[in-house]
2 protein chains.
Amino acid sequence: MTDTDRLSIGDVAKVTGLGVHALRFFEREELFLRPIPRTAGGQRVYEPADVEWLLLCNRLRESGMPIATLKRFAALVRSGPGNEAERLALLEEHERAVRDKVAELTASLEIIHGKVVIYRQHVEEGTAAGLWSPASSA
Amino acid sequence: MTDTDRLSIGDVAKVTGLGVHALRFFEREELFLRPIPRTAGGQRVYEPADVEWLLLCNRLRESGMPIATLKRFAALVRSGPGNEAERLALLEEHERAVRDKVAELTASLEIIHGKVVIYRQHVEEGTAAGLWSPASSA
DNA sequence: GCTTGACCTAGATTGCACTCTAGATTTTAA
DNA sequence: TTAAAATCTAGAGTGCAATCTAGGTCAAGC
């Protein structure tokens with residue numbers, strides 16, 4: 001409960017990479033696990049736990065979770081113990097989505113890399129026109 | 001040069017999954033490798049090569065290439081042989097971006113899966129409140 | 001005390017990539 | 001031949017996720 005752990009919105013922006021606008025937006029969208037307290041003057045006072053939550057949010061967002069889903073997850077966590085099965089279902093669903101995305105990207109990578117290899121060969125052999133007859137022109 | 005290979009916009013929508021609106025949008029954005037010819041009445045007439053290009057476009061788009069970049073790539077291909085080094089650079093750059101994205105997703109997956117495992121244990125052991133003291137509440 | 005920088009709110013704007021609308025025309029099938 | 005289905009254009013609208021603006025207020029250092 002030391003006061004040295006209190007963080008301004010600017011501090012939080014710095015450590016989370018989120019930008020003060022985004023942090024206020026997150027709050028409007030009820031993405032935090034608690035109401036962020038204010039100073040007498042009305043300025044937000046964060047704690048390390050808020051930062052940790054935001055870092056998890058970043059992971060979930062970067063891996064493609066929409067704000068709406070993150071919002072549902074935050075609401076579940078906020079409402080305390082007893083809904084762990086729902087949280088689990090949400091996370092499992094997201095994990096599946098991410099695995100699917102990785103599989104899709106990996107499939108795309110093979111095609112893209114194939115093209116890269118072909119172009120690389122072509123460029124290495126000289127760019128003189130007409131020496132190369134690709135199946136497709138791209 | 002058989003006429004049986006001529007496709008309407010609806011046909012192309014069906015086989016590419018792209019939707020007629022998107023196809024018209026792609027054309028406005030100059031994402032095709034050639035001007036799509038029209039019937040006497042003004043309706044678009046596609047050929048299989050257009051479909052193949054669109055399937056590649058889908059791969060590139062799904063793997064995160066912005067329309068603007070796809071546009072540049074299309075312009076390079078359209079302008080014929082001689083710029084293969086540029087096309088290669090563009091594709092290599094995209095390949096790098098996709099590999100980075102896969103790495104990021106994989107890292108996120110580990111964290112998400114870790115949470116899933118913890119929640120799964122907890123839910124399996126019974127959801128009675130208070131039995132579980134997670135480091136973080138999420 | 002005062003300046004300077006950080007912060008406040010509510011609401012407008014941005015950027016991307018479609019997606020849809022309205023009203024007309026063309027094509028296909030019965 | 002005619003009704004229904006598909007297509008046409010130009011431009012407006014949508015959804016997401018911020019991001020910025022204007023007009024202030026607050027707080028820290030000199």
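Values below: every heavy atom of this structure, side chains too, minus hydrogens, waters and symmetry copies. By convention in this document, chain letters (A, B, ...) are assigned in the order of the sequence lines, proteins followed by strands, and residues within each chain are numbered from 1.
- With respect to B:E95 and B:R99, a salt bridge is recorded, a charged nitrogen being found less than 4.0 Å from a carboxylate O.
- Salt bridge annotation for A:D50-A:R34: present, with a cationic side-chain nitrogen under 4.0 angstrom from a carboxylate oxygen.
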For residues 18-28 of chain B, which side-chain N or O atoms pair as donor and acceptor with protein atoms under 3.5 Å away, sequence neighbours left out?
{"unit_1": "B:E27", "atom_1": "OE1", "unit_2": "B:R44", "atom_2": "NE", "d": "2.6"}
{"unit_1": "B:E27", "atom_1": "OE2", "unit_2": "B:R38", "atom_2": "NH2", "d": "3.1"}

Using nucleotides 5-14 of chain D, report all nitrogen or oxygen pairs with the protein that are shorter than 3.5 Å.
{"unit_1": "D:dT7", "atom_1": "OP1", "unit_2": "B:S8", "atom_2": "OG", "d": "2.9"}
{"unit_1": "D:dT7", "atom_1": "OP1", "unit_2": "B:G10", "atom_2": "N", "d": "2.8"}
{"unit_1": "D:dC8", "atom_1": "OP1", "unit_2": "B:R44", "atom_2": "N", "d": "2.7"}
{"unit_1": "D:dC8", "atom_1": "OP1", "unit_2": "B:R44", "atom_2": "NH1", "d": "3.0"}
{"unit_1": "D:dC8", "atom_1": "OP2", "unit_2": "B:R24", "atom_2": "NH1", "d": "2.6"}
{"unit_1": "D:dC8", "atom_1": "OP2", "unit_2": "B:R44", "atom_2": "NH1", "d": "3.1"}
{"unit_1": "D:dC8", "atom_1": "O5'", "unit_2": "B:R44", "atom_2": "NH1", "d": "3.4"}
{"unit_1": "D:dC8", "atom_1": "O3'", "unit_2": "B:R38", "atom_2": "NH1", "d": "3.4"}
{"unit_1": "D:dT9", "atom_1": "OP1", "unit_2": "B:R38", "atom_2": "NH1", "d": "3.0"}
{"unit_1": "D:dT9", "atom_1": "OP1", "unit_2": "B:R38", "atom_2": "NH2", "d": "3.1"}
{"unit_1": "D:dT9", "atom_1": "OP2", "unit_2": "B:R44", "atom_2": "NH1", "d": "3.0"}
{"unit_1": "D:dT9", "atom_1": "OP2", "unit_2": "B:R44", "atom_2": "NH2", "d": "2.8"}

Exercise for review: With pairs defined as Watson-Crick or G-U wobble and both distances under 3.5 angstrom, please note down DNA chain D as a dot-bracket string, | for pairing with another strand.
Suggested key: ||||||||||||||||||||||||||||||
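- For the pair B:V15 and B:L55, the tightest heavy-atom approach, listed with the atom from each and the gap, is O-CD2, 4.2 Å.
- A donor-acceptor contact shorter than 3.5 Å links the side chain of A:W53 to the backbone of A:L31.
- Between A:I36 and A:V45, the closest heavy-atom pair is CG2-O, 3.6 Å.
- A:K14 places its NZ atom 10 Å from the C1' atom of C:dA6, with the value rounded to the nearest Å.
- Under the 3.5 Å distance criterion, the side-chain polar atoms of B:D5 are left unmatched by any main-chain donor or acceptor of B:E47.
- Of the residues A:E93, A:H94, A:E92, the one that meets the side chain to side chain donor-acceptor pair (under 3.5 Å) test with A:R96 is A:E93.
- Put simply, CG on A:L23 is 16 Å from P on D:dA17, counting in whole angstrom units.
- The existence of a salt bridge linking B:R78 and B:E30 is excluded, since no basic side-chain nitrogen approaches an acidic carboxylate oxygen closer than 4.0 Å.
- For the contact set between residues 89-105 of chain A and DNA chain D, defined by any heavy atom under 4.0 Å, there are no members.
- Note: CZ (B:F26) to P (C:dT19) measures 10 Å, nearest angstrom.
- The aromatic rings of B:Y119 and A:F73 sit perpendicular to each other, their planes meeting at more than 60°, with 30° as the lower class boundary.
- Regarding B:F25, its CZ atom lies at a distance of 15 Å from the P atom of C:dG15, rounded to whole Å.
- The side chain to side chain donor-acceptor pair (under 3.5 Å) contacts involving residues 65-74 of chain B comprise B:E29-B:K71, where partners must be two or more places apart or lie in separate chains.
- Remark: side-chain polar atoms of A:N83 are not paired, donor with acceptor, to backbone N or O of A:V77 under 3.5 angstrom.
- Between the B:E124 side chain and the B:H122 main chain, no donor and acceptor come within less than 3.5 Å of each other.
- With rounding to whole Å, A:L70 atom CG is found 12 Å from D:dA17 atom C1'.
- Residues of residues 51-69 of chain B that place a heavy atom closer than 4.0 Å to DNA chain D do not occur.
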